[in-house]
Peer 1: 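Please see the structure below; I have some questions.
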Amino acid sequence: MKSIAIDGPAGAGKSTIAKLLSKELGYIYVDTGAMYRAMAVYFTKNNIDPYDEEAIKLAADKVNIDIEYSNGIQQVILNNENVTHLLRAEETGKMASKVSKYSAVRTKLVDLQRELAKKNNCIMDGRDIGSVVLPDAYLKVFLTATSDARAKRRYDELISKGQEANYDTIKKDIEDRDYEDSHRKISPLVQAEDAVLVDTSDLNIEEVVSKIKELIRQKEM
Ligand code: DC
């Protein structure tokens, strides 16, 4: 089985790019952030304090996460309930970032991610895919962009949906999340040694997709 790892900070465009590429290549798309978010939903629903590691550990033992595909779209099943529609909320992302530092949370999800990659050709995105989860991935991309570019994209997205948005708050949230993701002890966000850096600050979606397709072509030569 072949896997492509895409890592990078929040808002760099990983999921948009990975989804498009997965369709073109006929690979499954594995969104690992969604798994951490599903864990976060469980902790929030059960009022678990994200700073209490012991409580998180006990609660994590009661969580079962499964991944299914419906028309090619990843569905996350949390203890037999499809929670996919709950995962994108801003608060869920913040909770996921806080609890993803605990090994009780990570071990479980990393096992599931490796199982999926063993059975399917996949494009997997996250923070530690090239560095920890799939060290033998056939292509590793580290997708990044300045916090300004990422905040602007998020701002434009919210405004286009008719929602309220404050640019400075969005930028601060992005920078706080970068800090948490890069400074945890276990599996922090880092560029794997053999990953190719792609800075998307000044590129549109098509340009990023074609850049990665070119990297794939080079691998196949
Ligand atoms: O990519 P995302 O915003 O959906 O991820 C949510 C949080 O989950 C992110 O802030 C950190 C964590 N995460 C992680 O620790 N490792 C991954 N492979 C994916 C996500």
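In each ligand, atom 1 is the first atom listed, and ligand 1 is the first ligand listed. Only heavy atoms go into these numbers, but all of them, side chains included; no hydrogens, no water, no symmetry mates.
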Peer 1: Check this for me: Tyr179, atom OH, are more than 12 non-hydrogen atoms of other residues, nucleotides or ligands nearer than 6.0 Å?
Peer 2: no
Peer 1: For Asp66, give me all partners under side chain to side chain donor-acceptor pair (under 3.5 Å), at least two apart in sequence or on another chain.
Peer 2: Asn64
Peer 1: So if I apply the side-chain contact (heavy atoms from CB on, under 4.5 Å) rule between Ile28 and each of Ile67, Asn120, Ile123, Asn121, which one comes out positive?
Peer 2: Asn120
Peer 1: Could you list the residues that satisfy side chain to side chain donor-acceptor pair (under 3.5 Å) with Lys57, not counting sequence neighbours?
Peer 2: none
Peer 1: How many angstroms lie between CG in Asp128 and CD1 in Ile186, if you round to the nearest 0.5 Å?
Peer 2: 10.5 Å
Peer 1: Using the side chain to side chain contact (heavy atoms under 4.5 Å, CB included) criterion, which residues pair with Ala55? Sequence neighbours excluded.
Peer 2: Ile48, Asp52
Peer 1: Collect the protein residues that have a non-hydrogen atom under 4.0 Å from ligand 1 and hand them over in chain and number order.
Peer 2: Thr32, Gly33, Tyr36, Arg37, Arg88, Ala96, Ser97, Ser100, Arg106, Gly126, Arg127, Asp128, Ile129, Arg177, Asp181, Arg184
